Amino acid sequence: MNIQHYKLNLDLLKNTSTPVLYSQLDKKSRFIDVTLTANDAEVTLDSTMTAVLNAVTNNVIVAESQNCTISDNVIVVELTDKVLSLPGVTKCEVVLSDSSGAVITAQHFIVKITEKAINDKSKFEPTGSNLATEAAVAKAKAEAIE
């Protein structure tokens with residue numbers, strides 16, 4: 001099965017509304033193709049540039065300087081298992097740097113990560129929708145930090 005990547009345009013100069021993407025905890029729809037623009041004109045990325053992803057879910061860092069690939073003027077961001085480890089609202093930013101040390105931070109975007117319909121809690125909770133215990137939340141946060 002070939003699932004297309006999410007397509008996302010981020011403007012470096014405009015303060016527009018924050019884009020929101022939705023992701024389930026799967027391995028096929030976890031890629032985002034980011035194109036940078038400046039006043040709606042596509043920005044050409046220098047071949048010396050590198051890109052990283054920073055992401056936080058519920059005040060827990062789930063990605064810090066995670067490498068992204070740049071190909072054909074598109075930054076390919078992978079939502080790794082660590083990024084997808086906590087359901088909820090994940091605030092993401094792509095940071096570019098070049099060989100001279102210049103840094104560009106793109107507009108933030110949000111990824112809403114939903115749990116699978118049937119998950120480990122479904123085995124133990126009759127409704128499968130009860131709130132997680134405090135211990136389960138602490139364990140998930142500790143695993144994400146690792």
Side-chain angles (χ1 to χ4, degrees), residues 1-122 128-129 131-146:
M1 178 188 303
N2 184 14
I3 297 176
Q4 297 295 315
H5 294 189
Y6 289 103
K7 306 286 187 220
L8 184 61
N9 291 331
L10 298 177
D11 200 300
L12 297 172
L13 301 177
K14 290 184 178 178
N15 189 11
T16 58
S17 62
T18 305
V20 178
L21 304 174
Y22 293 87
S23 180
Q24 295 177 358
L25 302 175
D26 61 42
K27 298 193 183 299
K28 288 288 189 178
S29 63
R30 61 170 54 205
F31 294 94
I32 305 168
D33 290 342
V34 176
T35 303
L36 298 179
T37 59
N39 288 328
D40 299 324
E42 189 172 328
V43 173
T44 303
L45 302 177
D46 188 332
S47 62
T48 65
M49 292 185 139
T50 59
V52 296
L53 172 72
N54 295 323
V56 63
T57 304
N58 304 327
N59 295 320
V60 175
I61 296 171
V62 292
E64 186 172 19
S65 299
Q66 173 189 303
N67 289 326
C68 303
T69 59
I70 300 175
S71 177
D72 297 326
N73 216 40
V74 173
I75 303 164
V76 180
V77 175
E78 179 181 3
L79 301 176
T80 62
D81 287 340
K82 188 173 178 185
V83 175
L84 297 172
S85 63
L86 293 175
V89 176
T90 302
K91 185 176 181 181
C92 302
E93 68 178 358
V94 174
V95 180
L96 290 162
S97 56
D98 64 15
S99 57
S100 71
V103 174
I104 299 171
T105 302
Q107 173 188 9
H108 292 113
F109 62 95
I110 299 291
V111 178
K112 288 192 177 180
I113 300 167
T114 58
E115 290 188 76
K116 294 178 182 177
I118 297 176
N119 56 47
D120 290 340
K121 289 190 303 182
S122 303
S129 63
L131 294 175
T133 64
E134 194 172 318
V137 171
K139 179 182 175 191
K141 285 183 178 181
E143 288 173 358
I145 291 170
E146 289 176 12

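None of these values were measured; they are calculated from a predicted model. Residue numbers start at 1 and run along the sequence shown.
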Test of understanding: with side-chain contact (heavy atoms from CB on, under 4.5 Å), list the residues that count as partners of Val89, not counting sequence neighbours.
Ile110, Lys112
With heavy-atom distances below 4.5 Å as the criterion, would you say the side chains of Phe31 and Leu79 are in contact?
no
Which heavy atom of Pro87 sits nearest a heavy atom of Thr57, and at what distance?
O-CG2, 4.1 Å
Taking every non-hydrogen atom, the tightest pair across Leu84 and Arg30:
CD1-NH2, 3.7 Å
Separation between CZ (Phe109) and OG1 (Thr90), nearest 0.5 Å, reads 10.0 Å
Non-neighbouring partners of Asp72 that pass salt bridge (charged side-chain N to carboxylate O under 4.0 Å, His left out), sequence neighbours left out
none
To the nearest 0.5 Å, atom SG of Cys68 lies from atom CE of Met49 at 13.5 Å
Can you list the residues that meet the side-chain contact (heavy atoms from CB on, under 4.5 Å) rule with Thr48, with sequence neighbours excluded?
Asp46, Asp98, Ser99
Is the shortest heavy-atom distance from the side chain of Leu12 to the side chain of Thr37 under 4.5 Å?
no
When rounded to the nearest 0.5 angstrom, what distance separates CD in Glu78 from NE2 in His5?
9.0 Å
Would you please test Val34 and Val74 for side-chain contact (heavy atoms from CB on, under 4.5 Å) and show each step?
CA-CA 6 Å; Val34 176; Val74 173; 5.8 Å; no
Contacts of type side-chain contact (heavy atoms from CB on, under 4.5 Å), residue Glu42, not counting sequence neighbours
Thr35, Asn73
Find the distance between CD1 (Ile61) and CD (Gln66) and round it off to the nearest 0.5 Å.
13.0 Å
In this structure, OG1 of Thr80 is separated from CG of Asn67 (nearest 0.5 Å) by 11.5 Å
Results of salt bridge (charged side-chain N to carboxylate O under 4.0 Å, His left out) for Lys7 - residues two or more places apart only
Asp33
Is Thr50 close to Ile70 at the side-chain level, that is, under 4.5 Å between some pair of heavy atoms?
no
Calculate, to the nearest 0.5 Å, the distance between atoms CG and CG belonging to Leu96 and Leu36 respectively.
5.5 Å
Between Val103 and Val95, is the side-chain contact (heavy atoms from CB on, under 4.5 Å) condition met? List the steps.
CA-CA 7 Å; Val103 174; Val95 180; 3.5 Å; yes
Hydrogens and angles aside, do Asn54 and Glu93 bring a side-chain donor and acceptor to less than 3.5 Å of each other?
yes
Partners passing side-chain contact (heavy atoms from CB on, under 4.5 Å) against Leu13 (at least two apart in sequence or in another chain)
Asp11, Ala38, Asn39
